[in-house]
Amino acid sequence: MSDTVSHFIRSMIETDRARGAHGGRVATRFPPEPNGYLHLGHAKSICLNFGMAHDFGGSCNLRFDDTNPSKEDIEYVNAIKDDVRWLGFEWANLLHASDYFEVFYLCGEKLIRQGQAYVCDLSADDVRAYRGTLTEPGRNSPFRDRDIDTNLELFRRMRAGEFEDGARTLRARIDMASPNINLRDPALYRIRKVRHQNTGDAWCIYPMYDYAHCISDAVEGITHSLCTLEFEDHRPLYDWCLDQLDIEHDLALTEPLRAKGLHMTPSRPRQTEFARGNLDYTVMSKRKLIALVQEGLVDGWNDPRMPTLSGARRRGFPSGAIRTFWERMGYSKQVATIEYSVLEGCVRDDLDSKASRRLAVLDPLPVTIANLPPDHCETLSFANHPKDPTKGTREVSFSPRLYIEREDFAEVPPKGFHRLVPGGEVRLRGVGIVRCDEVVKDSNGTVIELRVSLDASTRPGLPGAERKVKGTIHWVCAASAVPAEVRLYDRLFDVPNPDDDSDGKTYRDHLNPRSKIIVRGYLESSLRDVPIESRFQFERLGYFVADQFDHRMERLVFNRIVTLRDSYAKAEK
RNA sequence: UGGGGUGUCGCCAAGUUGGUAAGGCACGGGAUUUUGAUUCCCGCAUUCCUAGGUUCGAGUCCUAGCACCCCAGCCA
């Protein structure tokens, strides 16, 4: 499938298997919270979790971490499923943390019975005050020593809805003096009389992430729980919960699942953290992405400039390019930001071999071949790919009235210019060599037409075609070309780190005003009828995709995915 | 000032029980080319955050520093 690059997580799994841990089994999960759209950063985690499961013949679940109904919405779960599938992955099981609500409750009772959890009546503010600070220990809650029966009774009444939102919490009884704040009697359950998108009004107490996540992993038989660095100091709590609960051997805890027909073998999973994927020239935080959308700075979540997966898809990025992108970056524990050029490189790599070539002119300059009869018309055969004959050929009509790219003509050429100049020659791709005999201008001095003569001895197939000229340019037949809206996209921000506001400027001040430019171009007629999301290389211009939503046969709309590498433009700078 | 992490080429990132710095991207040069694309060669860290130390030998071990990231939600 892909080259297997070694990294610390792969090595760890190999070691575990060699040791015979989990019987050699590998089970992972991708656990998004359905409260937003997936972005490129999530893709790194998706590729890792599904990739490890795939490489070791294991399985990967898609699990919605829906433990906070006040923030989550069903709208996102479908979008997330689409994105994961589009990325090319298939989950073994589609699950929700809310599938385990009954298990979480039983676990809560078990902790209480073991004297390891208690119902606390402190308000949120009080809890904060009792927690202490980074350098000072916290103080015990006055409710910390309630007896087991009282706790059990109170917990049952919490579930029954007898108390107001926020009135009480179930807390783990660990150590208020721990240097790790996560261990200072963390809340396990809070009261929220909110309807849940999956369980409706069945519950009014909802579990906290740390508590629900480890139990969910164990219940599903996850072997390797892979997450990002910020959860590193939550790992002691992850382990604490699982060690107290011993879900593997206490079948009573998972009985409610079997009663529902959900048969899974519990495990004792281990959490491992890796650095999240950061990309330069973009922002990835949920908050900023929402702001971009809500403030109309972009055209929605799937704006082709957005780092969301739906945006990447609409932009035309092949999902395979995104997969190789994260593979190239690798997985480590160093906080790192990868360059945007790596992503572009992956996209070009993928598309170079797969995309058929086409001719298109985006900034037309009329050209007339004066030494051909005005009514001359012929059909040329072009290879769809310069080095892949299996991609076949297509017909391209040719007549004496053409459009070339305005940029491919220069009245006063800069040094090193290889294209058309007055009196100079250039090759028209697939046609032959033409000489510029006359430059026609309007009253303002703007060039409005070029009159050229074609050297008939240089037509393809003739010996004269071997003649070398410095440049070859693309063109389109004026009579048969089809007009199209072409959206030229570029990176959304014009600074590498838009998150950096140390100079008093925010990401809003760094939006690239040229990130979206809409032009009207002319395409060779074979592009008249292509399906949405089909990708092509417009020769010498870049890779383009028929827009997923706006492209229609009556109104062609193409998005520029990425330009071709351009060593000439680069050298000019 | 508490705890948890991380520091290897411009950006990522490998570096086995210490044995004398992989690879990718970017970049520079050259060759091929009817896309200034692709492809193909060649080059690109006497050096691994710093300073000491151990050793015949250290990116890898020890000591002391420095820098950066994360943590005080009844968010995930």
Side-chain angles (χ1 to χ4, degrees), chain A residues 3 5-8 31-33 35 65 67-68 70-72 120 122-124 127-128 131-138 165-171 178-184 186-192 205-206 208-210 212-213 227-236 273 275 280 286 325 327-346 348-349 352-353 357 359 385-387 416-419 427-433 458 460 465-474 496 537-542 563-571:
Chain A
D3 309 292
V5 180
S6 169
H7 50 71
F8 79 105
E33 182 187 15
N35 72 343
D65 221 329
T67 55
N68 187 355
S70 44
K71 290 191 164 188
E72 296 148 7
C120 182
L122 250 26
S123 69
V127 168
R128 192 173 309 120
R131 185 158 34 225
T133 68
L134 293 179
T135 52
E136 306 157 34
D165 278 18
R168 289 185 157 88
T169 53
L170 180 72
R171 293 227 258 164
S178 173
N180 181 344
I181 291 184
N182 296 300
L183 263 21
R184 316 240 265 231
L188 267 23
Y189 264 102
R190 76 284 221 181
I191 301 172
R192 284 278 177 286
I205 55 172
Y206 292 98
M208 300 293 293
Y209 167 83
D210 287 308
H213 201 83
C227 65
T228 43
L229 256 25
E230 65 270 29
F231 293 105
E232 215 148 15
D233 48 19
H234 290 237
R235 183 163 15 108
E273 311 82 14
D280 63 8
K286 200 166 282 183
F325 170 61
E327 186 174 294
R328 278 186 194 180
M329 179 173 185
Y331 294 85
S332 74
K333 299 191 70 155
Q334 298 178 46
V335 175
T337 300
I338 194 161
E339 292 177 335
Y340 196 85
S341 62
V342 178
L343 210 209
E344 292 180 327
C346 291
R348 292 188 183 112
D349 271 7
D352 175 59
S353 60
R357 312 290 119 128
L359 297 180
H385 192 102
K387 35 176 67 165
F417 190 75
H418 285 177
R419 290 103 92 171
R427 186 186 303 277
L428 288 182
R429 175 107 237 233
V431 172
I433 298 171
T458 61
E466 306 296 313
R467 216 182 99 204
K468 300 293 180 195
V469 280
K470 57 250 177 165
T472 297
I473 64 174
H474 60 279
Q537 183 196 97
F538 291 177
E539 291 200 29
R540 304 211 309 130
L541 294 174
T563 61
L564 253 32
R565 264 177 54 195
D566 188 349
S567 50
Y568 174 70
K570 206 166 289 170

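Order of the sequence lines sets the chain letters (A, B, ...), proteins ahead of strands, with each chain counted from 1. These values consider heavy atoms only, across backbone and side chains, with no hydrogens, waters or symmetry-generated copies.
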query: Mind checking the C1' distance from B/C74 to B/C62? Whole angstroms is fine.
result: 47 Å
Practice problem: Could you give the distance separating B/G7 and B/G15 at their C1' atoms, to the nearest angstrom? | Solution: 15 Å
Pairwise P distance, B/G10 and B/G18 [rounded to whole Å]
29 Å
Next on the checklist: Hydrogens and angles aside, do A/S332 and A/Q334 bring a side-chain donor and acceptor to less than 3.5 Å of each other?
Outcome noted: no
When rounded to whole Å, the NZ to P distance for the pair A/K71 and B/A76 reads 7 Å
Show the distances under 3.5 angstrom between N or O atoms of the protein and N or O atoms of nucleotides 39-43 of chain B.
{"from": "B/U39", "atom 1": "O4'", "to": "A/K387", "atom 2": "NZ", "distance (Å)": "3.2"}

Contacts of A/H234 meeting side-chain hydrogen bond (donor to acceptor under 3.5 Å, both in side chains) (sequence neighbours excluded), chain-then-number -> A/D210
Counting the atoms with a prime plus P, OP1 and OP2 as sugar-phosphate, which does A/Q537 contact under 4.0 Å by heavy atoms, base, sugar-phosphate, or nothing? base
Relative to its sugar, using the 90° cut-off around 0, the base of B/G23 is anti
Scanning both residues in full, the closest heavy-atom pair of A/L359 with A/H474 reads CD2-CB, 3.9 Å
- [ ] Looking at every strand, decide which applies to A/H234 at a 4.0 Å heavy-atom threshold: base, sugar-phosphate, or nothing.
- [x] base
(Q) Can you tell me if A/S70 touches the phosphate of B/C75, counting only side-chain N or O atoms and a distance under 4.0 Å to OP1 or OP2? (A) no
Next item on the list: Sticking with atom C1', work out how far B/G3 lies from B/G23, rounded to a whole angstrom.
Entry: 36 Å
Margin query: What contact category does A/G430 fall into here, base, sugar-phosphate, or nothing, at under 4.0 angstrom with non-hydrogen atoms?
Written below: base
Between A/R190 and B/C75, is there a contact of a side-chain N or O with OP1 or OP2 at under 4.0 Å? yes
Tabulate atom names and distances for all N/O pairs under 3.5 angstrom spanning the protein and nucleotides 4-15 of chain B.
{"from": "B/G5", "atom 1": "O2'", "to": "A/E232", "atom 2": "OE1", "distance (Å)": "3.3"}
{"from": "B/G7", "atom 1": "OP1", "to": "A/Q334", "atom 2": "NE2", "distance (Å)": "3.4"}
{"from": "B/U8", "atom 1": "OP2", "to": "A/Q334", "atom 2": "OE1", "distance (Å)": "3.0"}
{"from": "B/G10", "atom 1": "N2", "to": "A/E339", "atom 2": "OE1", "distance (Å)": "3.1"}
{"from": "B/C11", "atom 1": "O4'", "to": "A/E339", "atom 2": "OE2", "distance (Å)": "2.8"}
{"from": "B/C11", "atom 1": "O3'", "to": "A/T337", "atom 2": "O", "distance (Å)": "3.1"}
{"from": "B/C11", "atom 1": "O2'", "to": "A/T337", "atom 2": "O", "distance (Å)": "3.1"}
{"from": "B/C11", "atom 1": "O2'", "to": "A/E339", "atom 2": "N", "distance (Å)": "3.3"}
{"from": "B/C12", "atom 1": "OP1", "to": "A/T337", "atom 2": "N", "distance (Å)": "3.1"}
{"from": "B/C12", "atom 1": "OP1", "to": "A/T337", "atom 2": "O", "distance (Å)": "3.2"}
{"from": "B/C12", "atom 1": "O5'", "to": "A/T337", "atom 2": "O", "distance (Å)": "3.3"}
{"from": "B/C12", "atom 1": "O2'", "to": "A/M329", "atom 2": "O", "distance (Å)": "2.8"}
{"from": "B/A13", "atom 1": "OP1", "to": "A/S332", "atom 2": "OG", "distance (Å)": "2.5"}
{"from": "B/A14", "atom 1": "OP1", "to": "A/Y331", "atom 2": "O", "distance (Å)": "3.3"}

For A/F8 and A/E273, the nearest pair of non-hydrogen atoms, with its separation, is CZ-O, 3.3 Å
Of all heavy-atom pairs linking A/L122 and A/R171, the shortest is CD2-NH2, 3.9 Å
Taken to the nearest 0.5 Å, the spacing of A/R192 CZ from A/I205 CD1 works out to 12.5 Å
Rounded to whole Å, the OH-C1' distance (A/Y568 to B/G36) equals 9 Å
| said: Looking at A/R540, I'd like to know whether one of its side-chain N or O atoms comes within less than 4.0 Å of OP1 or OP2 on B/U33. | reply: no
Point to revise | Salt bridge A/K333-A/E232, side-chain N to carboxylate O under 4.0 Å | key: yes
Picking from B/U34, B/G73, B/G3, the nucleotide nearest the side-chain atoms of A/M208 would be B/G73
Report task. Please determine if A/D352 and A/R357 form a salt bridge, counting it only when a charged side-chain N lies under 4.0 Å from a carboxylate O. Result -> yes
A/N182 atom CG is separated from B/C74 atom C1', nearest whole Å, by 14 Å
Which part of the nucleic acid, if any, lies within contact of A/R429, taking any heavy atom under 4.0 Å across all strands shown: a base, the sugar-phosphate backbone alone, or nothing?
base
Taken in chain and number order and not counting sequence neighbours, the residues that satisfy side chain to side chain contact (heavy atoms under 4.5 Å, CB included) with A/I181 are A/R131, A/L134, A/R184
* A/G416 near the nucleic acid: base, sugar-phosphate alone, or nothing, with a heavy-atom cut-off under 4.0 Å? -> base
| query | Any luck finding a side-chain donor-acceptor pair between A/S178 and A/N180 under 3.5 Å? | reply | no
The reported gap from CZ in A/F325 to CG in A/L343 (rounded to nearest 0.5 angstrom) is 4.5 Å
Comparing nearest nucleotides in RNA chain B, the 5'-proximal residue of the pair A/T133, A/F417 is A/F417
Q) Taking atom C1' in both B/G59 and B/C69, what distance in whole Å separates the two? A) 22 Å
Whole-Å distance, A/E344 CD to B/C27 P, equals 11 Å
Rounded to whole Å, the CG-P distance (A/L359 to B/U34) equals 16 Å
note: A/E230, atom CD; B/G73, atom C1'; distance rounded to Å ~ 14 Å
Q: For A/I191, answer base if it contacts any base atom (sugar-phosphate contacts may also be present), sugar-phosphate if it contacts only those atoms, and nothing otherwise; contact means non-hydrogen atoms under 4.0 Å.
A: nothing
Secondary structure of RNA chain B per the Watson-Crick/G-U criterion (both distances under 3.5 Å; [ ] crossing, | other strand, . unpaired) is .((((((..(((......[...))).(((((.......))))).....(((((..]....))))))))))).....
| message | So, does A/R348 get its side chain near the phosphate of B/C25, meaning an N or O under 4.0 Å from OP1 or OP2? | response | no
Taking the P atom in each of B/U8 and B/U16, what is the distance between them to the nearest angstrom? 16 Å
Across the strands shown, which category fits A/K470 at heavy-atom distances under 4.0 angstrom: base, sugar-phosphate, nothing?
nothing
message = What's A/P31 touching, base or sugar-phosphate or nothing? Going by heavy atoms closer than 4.0 Å.
response = nothing
TODO: Could you tell me whether A/Y189 contacts a base, only the sugar-phosphate backbone, or nothing, with contacts defined as non-hydrogen atoms closer than 4.0 Å?
DONE: nothing
request  = Scan A/R128 against the nucleic acid and name what it touches under 4.0 Å (heavy atoms): base, sugar-phosphate only, or nothing.
outcome  = sugar-phosphate
From CG of A/D165 across to P of B/C75 the rounded distance in Å is 11 Å
Fill in: B/C27 versus B/C70 - spacing of their C1' atoms, nearest Å
34 Å
Which part of the nucleic acid, if any, lies within contact of A/R419, taking any heavy atom under 4.0 Å across all strands shown: a base, the sugar-phosphate backbone alone, or nothing? base
(Q) Need one value for A/R171: base, sugar-phosphate or nothing, where a base atom within 4.0 Å counts as base even if backbone is also close, heavy atoms only. (A) nothing
- Within the stacking criterion (centroid distance below 5.5 Å, interplanar angle below 30°), does A/Y209 stack on B/A76? no
Smallest heavy-atom separation, A/P460 atom then A/A465 atom, equals CA-CB, 4.2 Å
Between CG of A/L541 and C1' of B/U35 the distance, given in whole Å, is 10 Å
For A/L564 and A/R348, the nearest pair of non-hydrogen atoms, with its separation, is C-NE, 3.8 Å
> For atom P, what is the distance between B/C25 and B/U20, given to the nearest Å?
Replying inline: 26 Å
Applying side-chain hydrogen bond (donor to acceptor under 3.5 Å, both in side chains) to A/R168 and not counting sequence neighbours gives A/D121
Here the pair of heavy atoms bringing A/K470 nearest to A/R419 is CE-O, 4.3 Å
